[in-house]
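All values reported here derive from a predicted model rather than from experimental measurement.
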Amino acid sequence: MSFQAYLDTIEKKTGLTPRQLVDIATEKGFGPDSKATPIIEWLAADYGLGRGHAMALVHVITKGPQIPTKHVGTDGVHRDESDTLWLDGAATNPNRT
């Protein structure tokens, strides 16, 4: 599953875009200096997210939407179209094929 696919699945499961979840995380005091465990626990308790999906959001909350380019344009299962994740909802993603 690509990084973007994780975020799209999170949106389907929670009804919130990744950006909305990042905003809520910020309101709760999570940010670049936050450890993963408290964020994972919050996402599990409030939204029922498992560890893999939560870790995708941990990355965005702590590091922003940029991801390493090693999977961009590859043929692997973790292939992403861009090194910048779309946070504003799957339906509006200009990179969707």
Student: From Ile10 CD1 over to Leu57 CG, what is the distance, rounded to the nearest 0.5 angstrom?
Tutor: 4.0 Å

Student: Under the salt bridge (charged side-chain N to carboxylate O under 4.0 Å, His left out) rule, what pairs show up with a residue in residues 7-27, not counting sequence neighbours?
Tutor: Arg19-Asp88

Student: Restricting to side chain to side chain donor-acceptor pair (under 3.5 Å), what partner residues turn up for Thr84, sequence neighbours left out?
Tutor: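 If we apply the side chain to side chain donor-acceptor pair (under 3.5 Å) test to Thr84, skipping adjacent residues, the hits are Gln66.
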
Student: Give the cluster check for Trp86 versus Phe3: same hydrophobic cluster or not, with ILVMFWY residues linked at side-chain heavy-atom distances below 4.5 Å.
Tutor: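 No, no single cluster joins them.
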
Student: side-chain contact (heavy atoms from CB on, under 4.5 Å), that's the test. Do Trp42 and Ile24 meet it? Break it down for me.
Tutor: CA-CA 11 Å; Trp42 160 61; Ile24 294 167; 3.5 Å; yes

Student: Applying side chain to side chain donor-acceptor pair (under 3.5 Å), name anything that partners Thr37, two or more places apart in sequence or on another chain.
Tutor: none

Student: Who pairs with Ala44 by side-chain contact (heavy atoms from CB on, under 4.5 Å), at least two apart in sequence or on another chain?
Tutor: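 Here no residue qualifies.
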
Student: Do Thr17 and Thr92 touch side chain to side chain, with heavy atoms closer than 4.5 Å?
Tutor: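 No, side chains not in contact.
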
Student: Which residue pairs pass the side chain to side chain donor-acceptor pair (under 3.5 Å) test when at least one of the two sits in residues 47-61, sequence neighbours left out?
Tutor: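 As it turns out, there is no side chain to side chain donor-acceptor pair (under 3.5 Å) pair with a partner in residues 47-61 once direct neighbours are skipped.
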
Student: Suppose we screen for side-chain contact (heavy atoms from CB on, under 4.5 Å). Which residues come up paired with Val22, at least two apart in sequence or across chains?
Tutor: Thr26, Val60, Ile61

Student: Rounded to the nearest 0.5 Å, what separation is found between the CG atom of Leu21 and the CG atom of Leu7?
Tutor: 9.5 Å

Student: So, using side chain to side chain donor-acceptor pair (under 3.5 Å) as the criterion, who are the partners of Glu41 when residues are at least two apart?
Tutor: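 Here no residue qualifies.
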
Student: For Ser34 versus Gly29, what's the shortest heavy-atom pair and its separation?
Tutor: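 Minimum heavy-atom contact is OG-O, 4.0 Å.
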
Student: Rounded to the nearest 0.5 Å, what's the gap from OG1 on Thr62 to NZ on Lys35? Could you check?
Tutor: 10.5 Å

Student: Check side chain to side chain donor-acceptor pair (under 3.5 Å) between Thr14 and all other residues, then give those that pass, not counting sequence neighbours.
Tutor: none

